[in-house]
Structure formats: structure tokens, C-alpha cells
Amino acid sequence: MSHLTENNLTAQTLEYPVCSEWKENPEGSMFHLAHMLLVLGFMGGSGFYGLLYMFSFLTLGFFCYSIWAWSDPCTTDSFSWTFALFAFCLAQVVHGSYRLRSVTFDKEIQDLYDYMFKKLGVSLTHFGKIVECCEGDIYTIDKDHCFAVEGKTSIDKLSVLISGRIRVTVNGEFLHHIYPFQFLDSPEWDSLRPSEEGIFQVTLRADNRCRYVAWRRKKLYLLFAQHRYIAKIFALLVRNDIAEKLFSLNEKAFDTRGFRYDLRLPSFCHGPEPEIENTSESRPVLGPSKTKPTERDS
């Protein structure tokens with residue numbers, strides 16, 4: 001019996017002690033601040049900026065948690081885990097900041113993204129590849145200088161106007177204007193295959209000081225071959241730009257009677273009028289004419 005009693009006493013001493021009463025003093029402020037930061041961090045959304053927001057607050061939260069765990073010498077395991085999570089989140093913040101820096105652009109390039117590419121859902125990563133293809137260079141055209149001359153300038157790039165206004169003419173006659181965030185040479189670009197070469201059939205002259213961004217044909221087609229998604233985006237933008245230019249011409253298309261042509265119906269507007277055969281069947285039937293008195297006397 002003495003042996004059994006000793007075993008029972010040993011088992012009771014090895015059991016985990018049960019908390020007999022609540023701790024009177026709460027944990028320090030660092031403990032509560034850490035949990036508040038963790039809650040804010042877990043409220044972060046998806047996407048690039050959402051991940052950066054989440055890991056930023058998680059880094060601060062686990063850092064405060066590590067300070068709290070270090071203050072208690074009996075919590076070495078808690079300190080080890082929280083400090084490891086702090087280091088992991090900090091590495092994610094550094095990596096996200098580096099990515100954010102790589103997709104940060106100048107104001108004019110950012111305006112181009114906001115106006116043309118953002119509404120199509122193009123991510124900053126894909127737009128960064130597009131900007132890298134043109135090397136982020138912005139070109140300038142002074143007033144009354146030509147971007148292209150009909151019959152002389154070769155079609156070797158695709159350009160978008162950033163600021164200013166371009167006048168388009170053919171044989172000295174005005175066609176239309178090109179405004180900011182419109183392509184300068186979308187009809188020429190769409191009319192040629194990648195292996196073909198051509199020259200401008202219109203003249204593009206600056207009405208005022210203009211700035212534009214341009215992509216070289218070869219580099220842009222190479223980018224299309226690597227990223228089919230970017231190729232589809234450019235095809236959509238170019239064709240939409242051509243449609244806008246056609247409808248701007250429609251506002252100025254009138255016939256000799258003052259009626260406006262509808263460029264959507266070229267066969268109806270420009271078709272030849274039917275010829276009337278000179279036969280007795282096609283001649284109109286005339287009623288009996290009244291003869292003048294002088295003719296009757298004669």
C-alpha cells in the first residue's frame with residue numbers, strides 16, 4: 001500500500017497546476033497594442049496594396065508581441081515564434097516595397113495608365129512591361145513642326161499623344177485633330193502587317209507644343225510575342241481609336257444637298273444611282289395637253 005500511495009502522490013505532483021483565481025493585474029500595454037495591430041493587419045484586402053497594408057501591420061504587431069514576450073523570462077517559446085513571424089513579415093514588406101518602387105512612374109506615364117490602361121483592368125506589373133518596352137521616354141514636338149509628312153515619313157513606331165494637339169491634313173486639306181491620349185498613327189499601324197513597311201499618307205503637324213510616347217515596331221511586336229495579353233490590349237485600344245477617328249470624320253461629311261453621310265453605311269451613301277433606261281416602257285405617261293389658241297389657229 002505504501003508503494004501505491006507514493007505513485008499517487010507522484011502523479012498528483014506531475015499534473016499541470018490549475019489556475020485557482022484570475023490574475024489581478026492585466027498584461028502590459030505592449031501586449032494589448034500587439035493584438036490591436038494584428039487585428040488591423042488581418043483586415044487587409046487582396047491585391048498588391050492590400051498585401052502591403054496587411055504585412056505592414058503584421059510586422060508591427062509581431063514586433064510588439066516580441067517585446068512583450070522578451071520582458072517575461074518564462075516565455076522563451078513565445079518570443080522565438082513571434083520574433084520569427086516578425087522577421088518573415090518584415091521580409092515581405094521589404095519585397096513589396098521593392099516591387100512598388102519598380103512600378104512607380106512619372107506623372108505623364110501615370111496619367112497614361114490612368115486614362116487608357118487602368119479602365120481595362122491592366123495591372124501595374126503588365127503596364128511596367130509596356131513602359132519598359134518604350135524605355136519610359138517622352139518626346140516633344142514644337143509648334144508647327146511635323147510628326148509625319150505624307151509620302152515621306154516611314155511607319156516604324158506606334159505613338160500616343162500625352163499633351164497638346166495635332167492637326168491631320170492630306171494634300172493640304174484638313175481632316176481632323178488628334179487630342180491627348182489618342183494614338184498618332186493607329187490607322188497606319190493597323191494597315192500594315194508585322195513584316196510589311198509603309199509610309200504615311202497624311203501629314204501630322206503640331207498646333208502647339210506636344211509631348212508623346214512612342215514604341216518601336218520591332219520591340220513592340222517582340223513584346224506581343226512574349227505576352228499575348230498585352231497584344232490583345234493594344235489591339236483593342238488601336239481599333240477603338242480608329243473608330244473614334246472615323247466618327248470624328250463623320251461629323252464633317254456632307255453631300256451637296258447638305259445631308260450628313262453615315263460612314264457606317266458606305267454602300268448606301270456612295271453607291272451609284274440606278275440608271276433609267278430610255279425606252280417607251282420607262283417613259284412616264286403624260287395626259288392630254290391643252291393647246292394654246294394661237295397653235296389651234298395655225
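Hydrogens, waters and symmetry mates are skipped; everything else that's a heavy atom, side chains included, is used.
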Tell me whether the rings of [X] and [Y] are parallel (<30°), tilted (30 to 60°) or perpendicular (>60°).
X      : Y      : result
Tyr65  : Trp68  : perpendicular
Phe234 : Trp215 : perpendicular
His227 : His126 : perpendicular

Looking only at non-hydrogen atoms, find the nearest pair between [X] and [Y] and report the distance.
X      : Y      : value
Tyr212 : Leu161 : CB-CA, 4.0 Å
Ser191 : Glu196 : O-OE1, 4.2 Å
Lys129 : Leu223 : O-CD2, 4.1 Å
Ala214 : Ser159 : CB-OG, 3.4 Å
Leu184 : Leu204 : O-CD2, 3.2 Å
Asp156 : Arg216 : OD2-NH1, 3.2 Å

Does [Y] offer a backbone N or O that forms a donor-acceptor pair with the side chain of [X] under 3.5 Å?
X      : Y      : value
Glu150 : Asn171 : yes
Tyr113 : Val122 : yes
Asp241 : Phe183 : yes
Thr82  : Phe62  : no

Solution key, residues 130-149 side-chain donor-acceptor pairs under 3.5 Å, sequence neighbours excluded:
residue: Glu135; atom: OE2; partner: Lys219; partner atom: NZ; Å: 3.4
residue: Thr140; atom: OG1; partner: Arg211; partner atom: NH1; Å: 3.0

Is the [atom1] atom of [X] crowded by more than 12 outside heavy atoms at less than 6.0 Å?
X      : atom1 : value
Phe200 : CZ    : yes
Glu197 : CD    : no
His35  : NE2   : yes
Phe83  : CZ    : no

Quick check, are the ring centers of Tyr221 and Trp189 under 6.0 angstrom apart?
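Ring centroids of Tyr221 and Trp189 are less than 6.0 Å from each other.
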Contacts of Lys107 that satisfy salt bridge (Lys or Arg N to Asp or Glu O under 4.0 Å) - sequence neighbours left out
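In terms of salt bridge (Lys or Arg N to Asp or Glu O under 4.0 Å), with neighbours along the sequence ignored, Lys107 is linked to Asp111.
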Going from CE on Met36 to SG on Cys64, what distance comes out if it is rounded to the nearest 0.5 angstrom?
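SG of Cys64 is found 10.5 Å from CE of Met36.
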Distance in Å, Gln92 CD paired with Leu52 CG, rounded so as to fall on 0.5 Å steps
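If we round to the nearest 0.5 Å, Gln92:CD and Leu52:CG are 10.5 Å apart.
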Is there a path of hydrophobic side-chain contacts, each under 4.5 Å between heavy atoms of I/L/V/M/F/W/Y residues, joining Leu236 to Phe181?
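Yes, one cluster joins them.
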Does the pair Leu192 and Arg217 meet the rule for a side chain to side chain contact (heavy atoms under 4.5 Å, CB included), with working shown?
CA-CA 11 Å; Leu192 295 179; Arg217 283 174 59 88; 4.2 Å; yes
List the steps and the verdict of side chain to side chain contact (heavy atoms under 4.5 Å, CB included) for His177 and Asp207.
CA-CA 9 Å; His177 283 112; Asp207 281 348; 3.2 Å; yes
